[in-house]
Amino acid sequence: MTGLEHSDQWRGVFSWAELTRRDFSQAQVRRMVDAGDLRLLRRGWYATSYADPTVVSAVSAGGVCTCASALDLHGVWVAPYGDLVHVRGRNVAARGSAGTHHACTRYGRASREVYPLDDVATALQYAVRCLGDEGIVAACDSVLHQGLLEFTDLQALFSSMPVRIR
């Protein structure tokens, strides 16, 4: 599948927009689906055979992988959060995936759903509504320890959040 090599931000799940950006035609994508090289997860989103199962689950549920699930996939230590896949997106609640997914929200305006897996900063913005106070501190400590974000990044990230979070 030349052109669909593994990358951290996609994790084997690609949007139609990304496939066209990589010069795949509709006919090529259709042939890849017919051959089993790609699997349609939902309208506009496809998975390769090597796609991360957590990301596939989140996209199939109508959104993108975020919050504790995304932080975990990025190697950030997060307090145990159970088996639920944390998902955000406009269509998550409508797809009826209760019991396997947790629909996450954030303070302020929702982020656009560009990638199937949120970056560390975006995932942290959603995690503050799901993880307890100690869980947030531990996740931030892990992010800083691994050099995924700088302290000033965290300050900016949390600057518009409620005082309790800051």
Legend entry - Close side-chain approach of Met161 and Val128, heavy atoms under 4.5 Å: yes

Legend entry - Side-chain donor-acceptor contact under 3.5 Å, Thr122 with Asp119: yes

Inset, instruction - Determine whether more than 12 heavy atoms belonging to other residues, nucleotides or ligands lie under 6.0 Å from atom CD of Gln155. - result: yes

Inset, instruction - State yes or no: do Val137 and Leu131 share one hydrophobic cluster built from I, L, V, M, F, W and Y residues joined by side-chain heavy-atom distances below 4.5 Å, directly or via other members? - result: no

Inset, instruction - Assess whether side-chain contact (heavy atoms from CB on, under 4.5 Å) is satisfied between Arg39 and Val33, documenting all intermediate values. - result: CA-CA 6 Å; Arg39 179 171 50 116; Val33 169; over 6 Å; no

Inset, instruction - Provide the full list of ring pair (Phe, Tyr, Trp, His ring centres under 6.0 Å) pairs with a residue in residues 112-166, sequence neighbours left out, each pair given once. - result: Trp10-Tyr115

Legend entry - Exceeds 12 heavy-atom contacts within 6.0 angstrom, atom CG of Asp83: no

Legend entry - Smallest separation among heavy atoms of Ala127 and Ile136, with atom names: O-CD1, 3.4 Å

Inset, instruction - Heavy atoms only: give me the nearest Leu41-Val56 pair and the separation to one decimal. - result: CD2-CG1, 3.7 Å

Legend entry - Main-chain N/O of Ser25 paired to Gln28 side chain as donor or acceptor, under 3.5 Å: yes

Inset, instruction - Look at the side-chain heavy atoms of Ile, Leu, Val, Met, Phe, Trp and Tyr, link any pair under 4.5 Å apart, and say whether Val143 and Trp77 land in one connected group. - result: no

Legend entry - Verify same cluster id: Leu71, Leu84 (apolar side-chain graph, 4.5 Å): no

Inset, instruction - Tell me, please, whether Tyr107 has Arg129 positioned over its six-membered ring: NZ or CZ under 6.0 Å from the ring centre and within 45 degrees of its axis? - result: yes

Legend entry - Sub-4.5 Å side-chain heavy-atom contact between Leu73 and Cys65: yes

Legend entry - Verdict with supporting geometry, Tyr81 and Ser69, side-chain contact (heavy atoms from CB on, under 4.5 Å): CA-CA 9 Å; Tyr81 56 91; Ser69 299; 3.7 Å; yes

Legend entry - Atom pair CG/CD of Leu19 and Gln26 - distance to nearest 0.5 Å: 11.5 Å

Inset, instruction - Indicate whether any N or O donor in one side chain lies under 3.5 Å from an N or O acceptor in the other, for Ser111 and Arg106. - result: yes

Legend entry - Minimum side-chain heavy-atom gap Phe24-Met32 below 4.5 Å: yes

Inset, instruction - Indicate yes or no for a side-chain donor-acceptor contact from Asp153 to the backbone of Glu150 under 3.5 Å, with no hydrogens or angles considered. - result: yes

Inset, instruction - Verify, without hydrogens or angle tests, whether Arg11 (side chain) and Pro53 (backbone) share a donor-acceptor contact under 3.5 angstrom. - result: no

Inset, instruction - Report whether Trp16 and Leu40 are members of the same hydrophobic cluster (ILVMFWY, side-chain heavy atoms less than 4.5 Å apart, transitive linking). - result: yes

Legend entry - Distance, nearest 0.5 Å, that separates NE2 of His101 from OG of Ser60: 7.0 Å

Legend entry - Minimum heavy-atom distance Val85-Ser57, with the two atoms named: CG2-OG, 3.8 Å

Inset, instruction - Just jot down the salt bridge (Lys or Arg N to Asp or Glu O under 4.0 Å) partners of Asp133, sequence neighbours excluded, or say none. - result: Arg164

Legend entry - Donor-acceptor contact below 3.5 Å, side chain Gln146 vs main chain Gly75: yes

Inset, instruction - Run the salt-bridge test on Asp118 and Arg88 with the 4.0 Å N-O cut-off and return the result as yes or no. - result: yes

Legend entry - Heavy-atom side-chain contact between Val64 and Val13 under 4.5 Å: no

Inset, instruction - Taking the side chain as every heavy atom from C-beta outward, state whether Leu117 and His74 have any atom pair closer than 4.5 Å. - result: yes

Inset, instruction - Would you mind reporting whether His102 and Val87 have side-chain heavy atoms less than 4.5 Å apart? - result: no

Legend entry - Value rounded to 0.5 Å, distance of CG in Leu148 from SG in Cys140: 11.5 Å

Legend entry - Under the salt bridge (Lys or Arg N to Asp or Glu O under 4.0 Å) test, residues paired with Arg109 that sit two or more places apart: none

Inset, instruction - Identify the two heavy atoms, one from Cys67 and one from His86, that lie closest to each other, and give their separation to 0.1 Å. - result: SG-ND1, 3.4 Å

Inset, instruction - Over all heavy atoms of both residues, which pair between Ala47 and Ala51 is shortest? Give the atoms and the distance, please. - result: CB-CB, 4.0 Å

